[in-house]
2 protein chains.
Amino acid sequence: MMQEDFSRERLLLAVDCIVFGFDGEFLKVLLIKRGFEPEMGKWSLVGGFLQTNEVLEDAATRILSQYTGLSDIYMEQVATFSKIDRDPEDRIVSTAYYALIDIHKHSQKLSRQFSAQWFNIEDFPPLIFDHGEMVAAALKRLRTKAQTEPVGFELLPKKFTMRQLQTLYEAIWNVTLDKRNFSSKIRSFNFLEKLNEKDKSTSRKGAFLFRFDAEEYDKQERSRTTLNL
Amino acid sequence: MMQEDFSRERLLLAVDCIVFGFDGEFLKVLLIKRGFEPEMGKWSLVGGFLQTNEVLEDAATRILSQYTGLSDIYMEQVATFSKIDRDPEDRIVSTAYYALIDIHKHSQKLSRQFSAQWFNIEDFPPLIFDHGEMVAAALKRLRTKAQTEPVGFELLPKKFTMRQLQTLYEAIWNVTLDKRNFSSKIRSFNFLEKLNEKDKSTSRKGAFLFRFDAEEYDKQERSRTTLNL
DNA sequence: CCAAAAGTGTTGACCGTACACCCATGC
DNA sequence: GCATGGGTGTACGGTCAACACTTTTGG
């Protein structure tokens with residue numbers, strides 16, 4: 001950093017979280033109806049200010065826990081947004097994080113408290129400030145990430161069916177996949193453990209449940225390029 | 001952003017630039033020897049503070065121009081670094097940008113003024129603060145980016161030989177490629193214009209020069225997934 | 001016994017990779 | 001005429017994509 005020529009003006013640094021969930025059919029994003037000015041009553045991402053004694057990751061974790069009741073969540077920094085008038089009341093720069101959560105673990109109590117709601121990623125209301133851009137950037141990152149790392153499992157319960165997993169990836173990329181190809185491709189990675197349990201909620205025959213085997217995945221860390229589902 | 005519960009403490013936001021260049025053989029990074037405290041005399045990235053009337057991109061552009069004399073440069077935001085004590089003297093959060101420049105356009109005068117030097121990306125001295133992490137993150141991003149978009153051309157002169165292009169990609173990924181496969185792959189994209197000019201500086205026969213045809217590339221924007229060189 | 005979802009294998013097309021020889025020219 | 005780097009094509013194997021029928025079982 002160059003310290004001779006320019007002034008050192010302090011500003012506010014915020015953190016906004018794009019919380020993704022999956023309801024079994026669509027990829028969802030969590031939005032809250034703002035209960036304070038400016039833009040009270042409009043939809044927005046969950047966010048807060050970086051405190052001087054915390055790092056951005058901690059702020060994102062804290063905010064996520066405040067609004068969803070969840071901890072130990074997969075998160076990734078997306079980008080930092082700095083348009084001068086992105087907040088009309090003050091100069092606020094904001095770093096966006098996306099989080100992947102199991103939608104069913106999301107606290108109903110907190111949801112009511114903050115007027116939070118899940119929206120389909122393809123169809124959500126206009127957001128305040130530049131939050132719409134943030135969602136777009138986060139979605140792009142998620143899509144890229146899902147191509148090289150099995151992040152999808154963060155959005156599902158521990159045990160899931162092959163069909164649920166496929167529907168999830170179809171929702172992430174907004175495509176349709178062939179179930180035979182999907183299944184054999186996924187199974188070829190050898191990081192899914194097939195359980196001796198069936199989910200019978202969606203069919204008479206019942207579908208086998210699987211579990212992501214993180215240990216096996218880590219063992220393979222070398223020699224991997226893309227997942228290419 | 002949630003404004004009820006937490007204080008709004010202001011802090012300094014810096015921008016640090018990872019400037020990549022290519023000398024025909026190795027991928028390089030531009031470092032300066034700090035002429036001011038703290039850590040005077042140590043190697044560091046070029047950087048500066050975000051001013052209240054500019055966005056991060058503008059700050060990065062300004063800093064790049066100050067230190068290299070160049071404008072109209074390809075840049076991309078990498079990430080924001082916020083460790084509490086990353087700067088021992090003050091709480092400073094910093095957003096890293098990487099820039100790709102044609103190494104030969106880099107101003108010698110400014111280089112002397114700031115004691116700037118190019119280092120091989122695989123072998124550079126210890127850097128102050130978390131600048132080493134920033135370089136690592138930037139390199140990772142560049143590698144990923146180069147897989148899906150033809151950013152490499154930013155590092156070369158307007159006209160270049162097939163061999164130079166190949167060497168560049170070999171330097172970016174630290175691999176060796178087969179020149180027949182590389183050439184036919186690259187040419188199959190149809191975004192290189194073969195000129196009726198030869199560079200005779202490296203061989204008696206001379207090597208044809210090519211130019212990146214951005215217009216043709218843009219026309220193909222659809223239907224493209226990866227470059228996969 | 002039937003409706004509804006689960007589960008499974010084969011084939012052809014395409015792409016990536018390995019590999020070796022001739023060409024043009026300046027000295 | 002020879003040394004040096006430039007330029008090109010083919011054959012193999014692996015991966016991706018398209019495709020349809022049988023199984024299970026609750027009602």
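Hydrogens, waters and symmetry mates are skipped; everything else that's a heavy atom, side chains included, is used. Per chain, numbering begins at 1; letters A, B, ... match sequence-line order.
Screening B/Phe114, B/Trp118, B/Phe129, B/Phe119 for a ring pair (Phe, Tyr, Trp, His ring centres under 6.0 Å) involving B/Trp43 leaves a single residue, B/Phe119. When each of A/Leu165, A/Leu168, A/Leu100 is checked for a side chain to side chain contact (heavy atoms under 4.5 Å, CB included) with A/Phe153, only A/Leu165 meets the rule.
Across the protein-nucleic acid pair, A/Lys198 atom NZ and D/dT25 atom P stand 6 Å apart, rounded to whole Å. Following rounding to the nearest Å, A/Leu177 (CG) and D/dA17 (P) show an atom-to-atom distance of 9 Å. When rounded to the nearest whole Å, the span between CG of B/Leu195 and C1' of D/dG7 equals 17 Å. For A/Arg204 and D/dG27, the CZ to P distance is 6 Å, given to the nearest whole Å. One atom, CD of A/Gln164, and another, P of C/dA5, lie 14 Å apart when rounded to the nearest Å. Atom CG in A/Asn181 sits about 14 Å away from atom C1' in C/dG7, given to the nearest Å. Rounded to whole Å, atom P of C/dC15 lies 16 Å from atom CD1 of B/Ile186. For B/Asp178 and D/dG6, the CG to P distance is 14 Å, given to the nearest whole Å.
Below the 3.5 angstrom threshold, one finds a donor paired with an acceptor across the side chain of A/Lys205 and the base of D/dT23.
The side chain of B/Lys194 lies closest to D/dT8 when the candidates are D/dT8, D/dG6, C/dG7. Comparing C/dG9, C/dC19, D/dG6 by their nearest atom to the side chain of B/Arg180 picks out C/dC19. When the nucleotides C/dG16, C/dT8, D/dT8 are ranked by their closest atom to the side chain of B/Lys185, C/dG16 comes out on top.
Of all the heavy atoms in B/Lys28 and B/Asn120, the pair that sits closest is NZ-OD1, 2.7 Å.
Residue A/Lys179 is classed as a base contact, given a heavy-atom separation below 4.0 Å to a base.
A perpendicular orientation is assigned to the rings of B/Tyr217 and B/Phe191, their planes being inclined by more than 60° (bins at 30° and 60°).
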